[in-house]
Colleague: 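Let me give you the structure first, and then I'll get to my questions.
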Amino acid sequence: MKTLKTTLCSLALLVLSTQTYAQSHTSLDVVYTTVGLWNATDNRANMINIVDVALDQSLWSGATLEVNMLSVNNMRNLMGEIPTTPDGGVFGSVERVSIPLSLFKFGIEQVAGRTRNFIGVRNIHSDYFVTPWNSLYTAAVNGLLPTLSRQMPFANSAGAALGLHFEWDITRWGLSYKSSLYNGRASTRRDEVFRFRPRRDGVVCLSELAMEGAPDSYVGIYKIGAATGRVRADDDSDKSYGGSYWAQVEQPLYVEGEGNAVALILRGGYASKNLWQGYWGAGFAWRGVAGPSVDYLGALVTRTWHKVECETAVEVTYAYTWRWLTVQPSVHWVHTSSASRWFGELRASLAFNYTTQKKAPQ
């Protein structure tokens with residue numbers, strides 16, 4: 001694995017040093033997010049700080065080196081205290097464990113016609129589940145459906161795995177297909193994310209067919225997807241076959257110009273053999289409450305079926321953006337077979353971007 005890592009790094013340095021491309025493009029994005037959590041039922045509080053650094057560097061024609069690193073600082077986790085949100089099947093609010101600066105994405109993407117091909121380390125959140133309207137919600141299920149994340153550890157928050165990713169824009173009017181093949185177990189450690197051990201860790205394949213309309217039109221986003229594979233559990237028990245299927249709909253109900261809009265959000269998942277067997281979510285998102293493209297208001301109701309106990313969660317959230325600053329308070333109500341709890345959340349994000357684009361010698 002050290003040899004593979006050295007080879008990939010050497011390749012990146014080599015292509016960065018060449019001057020055969022016609023145009024050089026560099027983009028650096030840094031997002032700092034601080035999250036305050038309060039369990040109003042059990043009277044526990046916590047603070048989480050997240051730093052997200054993304055770098056895109058053009059290489060040769062149609063190729064880009066993509067690097068994304070993530071760091072999480074969980075105050076209660078560092079002090080050895082129990083989480084603010086109970087451990088187990090609570091998806092209404094989430095607390096990421098502390099991790100150092102780890103690779104979230106590292107690899108090369110090659111664009112060829114209507115296709116995009118990626119090889120390297122990658123996390124699947126942004127590829128399959130984070131859409132423009134869906135990104136508003138702060139619940140854990142905003143990232144992965146429970147029916148998938150609980151069965152396939154490679155996909156859990158912050159973890160990344162070595163693999164291949166393919167996207168194809170089938171038509172010019174929004175029909176697309178994407179597919180990925182990953183090592184069956186992910187990691188947040190830079191000395192482990194480059195491993196590919198199908199016999200030990202298993203492999204996972206994801207595929208999705210989607211239809212997406214033009215921005216600010218009444219044609220929304222419609223997705224169906226599936227994940228199958230053979231993976232090893234977090235406790236290193238024997239590999240098991242897992243499968244998960246999902247569908248997402250984001251249907252605009254009202255659109256006015258490029259600012260105000262209201263959309264209906266629907267999504268669901270099913271996995272008969274998994275611990276979490278079923279999931280659905282329904283809600284709405286309203287853009288432009290105080291002004292065009294300035295703020296968002298949303299509400300989401302979710303229901304998850306578990307072999308032991310089920311969960312119902314409700315989230316109401318509001319996000320206001322001013323230039324590079326976003327402030328977002330949220331309220332969560334989570335009901336399981338054993339308890340009902342209220343959670344308050346306040347997050348603030350600072351986003352910075354640096355972009356250069358210039359012609360280079362031939």
Side-chain angles (χ1 to χ4, degrees), residues 4-5 7-31 52-70 103-132 134-135 155 160-183 193-194 196 204-217 219 221-225 227 248 250 351 353-362:
L4 176 59
K5 181 177 179 181
T7 303
L8 289 175
C9 293
S10 300
L11 176 61
L13 292 174
L14 176 63
V15 295
L16 282 173
S17 64
T18 184
Q19 294 185 341
T20 59
Y21 49 83
Q23 194 176 62
S24 174
H25 174 84
T26 303
S27 178
L28 176 65
D29 291 281
V30 180
V31 180
D52 191 337
V53 181
L55 171 68
D56 290 350
Q57 172 62 56
S58 60
L59 304 176
W60 55 86
S61 178
T64 304
L65 173 67
E66 299 182 354
V67 182
N68 191 187
M69 302 192 74
L70 192 71
L103 280 176
F104 204 64
K105 180 190 292 186
F106 179 85
I108 296 177
E109 181 181 84
Q110 177 69 56
V111 177
R114 295 184 183 179
T115 67
R116 292 179 294 277
N117 306 274
F118 178 92
I119 181 172
V121 173
R122 198 176 182 98
N123 182 283
I124 75 170
H125 285 70
S126 59
D127 294 328
Y128 293 92
F129 301 99
V130 178
T131 55
N134 194 26
S135 301
L162 186 65
L164 302 171
H165 180 71
F166 168 78
E167 296 186 16
W168 175 28
D169 295 329
I170 302 174
T171 66
R172 298 182 183 275
W173 39 268
L175 184 64
S176 64
Y177 171 80
K178 62 179 64 174
S179 184
S180 305
L181 178 68
Y182 289 96
N183 183 59
V193 294
F194 290 93
F196 185 75
V204 174
C205 179
L206 297 96
S207 299
E208 183 180 81
L209 185 66
M211 171 65 190
E212 182 173 355
D216 301 308
S217 72
V219 180
I221 299 175
Y222 318 96
K223 297 184 173 187
I224 55 173
Q248 287 182 280
E250 296 184 5
N353 172 265
Y354 174 76
T355 302
T356 64
Q357 186 166 326
K358 61 182 180 179
K359 292 183 178 180
Q362 300 296 314

Colleague: Rounded to the nearest 0.5 Å, what separation is found between the CG atom of N68 and the CZ atom of F106?
Modeller: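 Taking CG in N68 and CZ in F106, the distance rounds to 12.0 Å.
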Colleague: Only counting residues at least two apart or in another chain, list the ones meeting side-chain hydrogen bond (donor to acceptor under 3.5 Å, both in side chains) with D56.
Modeller: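 Not a single residue meets the side-chain hydrogen bond (donor to acceptor under 3.5 Å, both in side chains) criterion with D56.
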Colleague: Tell me, please, which residues at least two apart from D169 pass salt bridge (charged side-chain N to carboxylate O under 4.0 Å, His left out).
Modeller: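 Result, salt bridge (charged side-chain N to carboxylate O under 4.0 Å, His left out) vs D169: R116.
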Colleague: Would you compute the distance between atom CD of E167 and atom CZ of F118 and round it to the nearest 0.5 angstrom?
Modeller: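 E167 CD to F118 CZ: 11.0 Å, rounded to 0.5 Å.
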Colleague: Can you name the residues that form a side chain to side chain contact (heavy atoms under 4.5 Å, CB included) with L181, not counting sequence neighbours?
Modeller: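 In terms of side chain to side chain contact (heavy atoms under 4.5 Å, CB included), with neighbours along the sequence ignored, L181 is linked to V203, C205.
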Colleague: Between atom NZ of K223 and atom OH of Y128, what is the distance when rounded to the nearest 0.5 Å?
Modeller: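 Taking NZ in K223 and OH in Y128, the distance rounds to 9.5 Å.
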Colleague: Got a sec, which residues hit side-chain hydrogen bond (donor to acceptor under 3.5 Å, both in side chains) with T26, two or more places apart in sequence or on another chain?
Modeller: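 So T26 forms a side-chain hydrogen bond (donor to acceptor under 3.5 Å, both in side chains) with Q57.
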Colleague: If the condition is side-chain hydrogen bond (donor to acceptor under 3.5 Å, both in side chains), which residues does K178 pass it with, not counting sequence neighbours?
Modeller: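 So K178 forms no side-chain hydrogen bond (donor to acceptor under 3.5 Å, both in side chains) with any residue.
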Colleague: Return the set of residues passing salt bridge (charged side-chain N to carboxylate O under 4.0 Å, His left out) with E212 (not counting sequence neighbours), or none when no residue passes.
Modeller: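 Checked E212 against salt bridge (charged side-chain N to carboxylate O under 4.0 Å, His left out); zero matches.
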Colleague: Which residues pass the salt bridge (charged side-chain N to carboxylate O under 4.0 Å, His left out) test with D52, sequence neighbours left out?
Modeller: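 Applying salt bridge (charged side-chain N to carboxylate O under 4.0 Å, His left out) to D52 gives none.
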Colleague: Tell me every residue that passes side-chain hydrogen bond (donor to acceptor under 3.5 Å, both in side chains) with T171, counting only those two or more places apart in sequence or in another chain.
Modeller: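 In terms of side-chain hydrogen bond (donor to acceptor under 3.5 Å, both in side chains), with neighbours along the sequence ignored, T171 is linked to no residue.
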Colleague: Can you name the side chain to side chain contact (heavy atoms under 4.5 Å, CB included) partners of V193, sequence neighbours left out?
Modeller: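 Result, side chain to side chain contact (heavy atoms under 4.5 Å, CB included) vs V193: L103, V121, S187.
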Colleague: To the nearest 0.5 Å, what is the distance between CG on L59 and CD on Q110?
Modeller: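 Nearest 0.5 Å value for the CG-CD distance: 9.0 Å.
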Colleague: Got a sec, which residues hit salt bridge (charged side-chain N to carboxylate O under 4.0 Å, His left out) with E250, two or more places apart in sequence or on another chain?
Modeller: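 Partners of E250 under the salt bridge (charged side-chain N to carboxylate O under 4.0 Å, His left out) test: none.
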Colleague: Please name all residues satisfying side chain to side chain contact (heavy atoms under 4.5 Å, CB included) with L164, sequence neighbours left out, ordered by chain then number.
Modeller: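 So L164 forms a side chain to side chain contact (heavy atoms under 4.5 Å, CB included) with I119.
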Colleague: Can you sort out the partners of T115 under side chain to side chain contact (heavy atoms under 4.5 Å, CB included), two or more places apart, ordered by chain and number?
Modeller: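 Partners of T115 by the side chain to side chain contact (heavy atoms under 4.5 Å, CB included) criterion, ordered by chain and then number, come out as A112, N117, F166, W168.
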Colleague: Can you see which heavy atom on S58 is nearest to which on H25, and at what distance?
Modeller: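 Smallest heavy-atom distance, with atoms named: OG-N, 2.6 Å.
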Colleague: Looking at CG of L65 and CD of E109, how far apart are the two atoms once the value is rounded to the nearest 0.5 Å?
Modeller: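 The distance works out to 11.0 Å.
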